[in-house]
Amino acid sequence: MKRTEINELLKTTEAGHKINVKGWVRTKRGSKNVSFIALNDGSTINNIQVVVEMNEENDKLLERIHTGAALSVDGMLIESAGSGQRVEVQATKLEILGEANPNEYPLQPKKHSLEFLREKAHLRYRTSTFSAIGRIRHAMIFAIHKFFNDRGFYNVHSPIITGSDAEGAGEMFQVTTLDLENMPKNPDGKIDFSRDFFGKAANLTVSGQLEAELAALALSKVYTFGPTFRAENSNTTRHLAEFWMIEPEMAFYDINDDMDLAEDMLKYVIDYALEHCMDDLLFLSKRLEEEEKNKKADERSMELIEKLRFVLDNPFERITYTEAIDILKNSNHNKKKKFQYLIEDWGADLQSEHERYLVEKHFKKPVILTNYPKDIKAFYMKQNDDGKTVRAMDVLFPQIGEIIGGSQREEVYSKLADRMAEMHIPEESMWWYLETRKFGTVPHAGFGLGFERLMLFITGMGNIRDVIPFPRTPQNLEF
RNA sequence: UCCUCCUUAGCUCAGUUGGUUAGAGCAUCUGACUGUUAAUCAGAGGGUCGUAAGUUCAAGUCUUACAGGGGGAGCCA
């Protein structure tokens, strides 16, 4: 018989027909005459209840069925005689597809710590929490593609292996086919990369932005959505060595158009999650609420769905770096010396604590900071006429901090070339990028959204290692 | 990379000012129960207290080193 997925079964309004269902056992409860199995196949957070009448044959099978076992069940879909669910499956034939030895299977029908599950990453998808995150992650990927497609953007595949080492976004992972035990050397003792696969040193990309700019200067509106690699020794709840980034790039956009797009996109995907992932969000919300109970009253945060709606319904606050410095400098927090790094002079980079103060204490909503000092930002950002600032824009979210970093790009050849020289970026490695400013240059802008940081916000999870199936972080490559 | 905390049963945790035989819930096994909802009730098995060394009459408890993990900071998305 053809299998029906559990989300379909639970939606059924007409009961009383024969079906087949397959899935993994979440719990089994028994009494003298009847046993109940909660079965889940990942199509929904909800389980279907399988009812098994006790007889000699079923007794033997049930002894081998424990949490984690895979089953195929033929039976009648009927209205439930119990009160916890609308429909259930009255089993006529049970088949064990795969047993799970209860003395070895690590997952139990109870709450496990996220730390424990991280060490069981090969099985954690089978928990309610991680299957919910998996489904939401898919929905967000789809929503992002839909958002851009509906607005006439083209998706571009930027390269994963790159020969450019001047993107300046962070430490890079080297890619080589040279024999590490026996590296070819030049007469001066340095490694001879002309003998390497590409004839030069190669790395994994840290950003697709520069390539996206090339595409935008022909296709007008493009976006990348691909893996990104940073070899920084970052050990935090919001950094990964391998993460997915969305980088739209638009010709004829200025910084204000860029901010509008960023805000629209974030609101669109939040709305999409509320529309399509409510079951999973409600589960994660309940889970969070239980965790929050253990916290002090003033450390508790807004309920997950309420928080998503709040961001959706309120315009983001847009202020300049200079205005932010004034707010921080004159804040009681600064005067009472509650910041670890006190704000004194214009020009300093903002610390996490300052960003959090602006978002969580002062404005109490997402903030877009613009026009940063040029010395703390990348070489490609559009220089303002004041000679001090650039048209950068960072979107700051509660709890997460920077979720988007973007800017209008410098389109004037001479200004870009001068800035590269000032920052010691070798022109010969970036000649192709500079040429776009030589031929038919136009104002353009773009931004980068860290996909896992978006996932942190949508799911309310606290650690970025829990919103990507197989996290890559320093000293960790087990799965 | 820096600072800080944690490691006790398969899992989550308790373990007093160092003191006799290290506890609980869940899970597992046995039994009871006419439909349960992370079922319930009764009983059983399960631990060289992360590893190594030290202090002490005595260490799960104190000290040091190492390992694994968490949180915070920096770098950023």
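Quantities reported herein were computed from a predicted structural model and do not represent experimental measurements. Reminder, nothing fancy here: chain letters follow the sequence lines and each chain counts from 1.
Judged by distance alone, with hydrogens and angles left aside, the side-chain atoms of A/Arg238 form no donor-acceptor pair with the main-chain N or O of A/Ile464 at under 3.5 Å.
Of the two residues near RNA chain B, A/Lys28 and A/Val51, the one whose nearest nucleotide lies more 5' is A/Val51. Both A/Tyr341 and A/Thr27 sit near RNA chain B, but only A/Thr27 has its closest nucleotide nearer the 5' end.
One donor-acceptor pair, N or O on each side, does fall under 3.5 Å between the base of B/rG35 and the side chain of A/Glu88. If you check distances only, the side chain of A/Gln108 does reach the base of B/rG10 with a donor-acceptor pair under 3.5 Å. Counting atom types as modelled, A/Ser234 pairs no side-chain N or O with a base atom of B/rC76 as donor and acceptor under 3.5 Å. Counting distance only, with no hydrogens placed and no angle test, the side-chain atoms of A/Arg29 and the base atoms of B/rA38 include no donor-acceptor pair under 3.5 Å. One can find a donor-acceptor pair under 3.5 Å joining the base of B/rC76 and the side-chain atoms of A/His239.
Ring orientation note: the planes of A/His333 and A/Tyr357 are tilted relative to one another, at an angle of 30° to 60°.
Residue contacts for A/Leu107: at a heavy-atom cut-off of 4.0 Å it reaches no nucleic acid atom on any strand shown. Within the 4.0 angstrom heavy-atom criterion, only backbone atoms of the sugar-phosphate kind lie near A/Asn463; the bases stay farther away.
With 3.5 Å as the limit, one finds no donor-acceptor pair spanning the side chains of A/Thr228 and A/Trp244.
The A/Arg238 side chain lies nearest to B/rA73 when the options are B/rA77, B/rA73, B/rG71.
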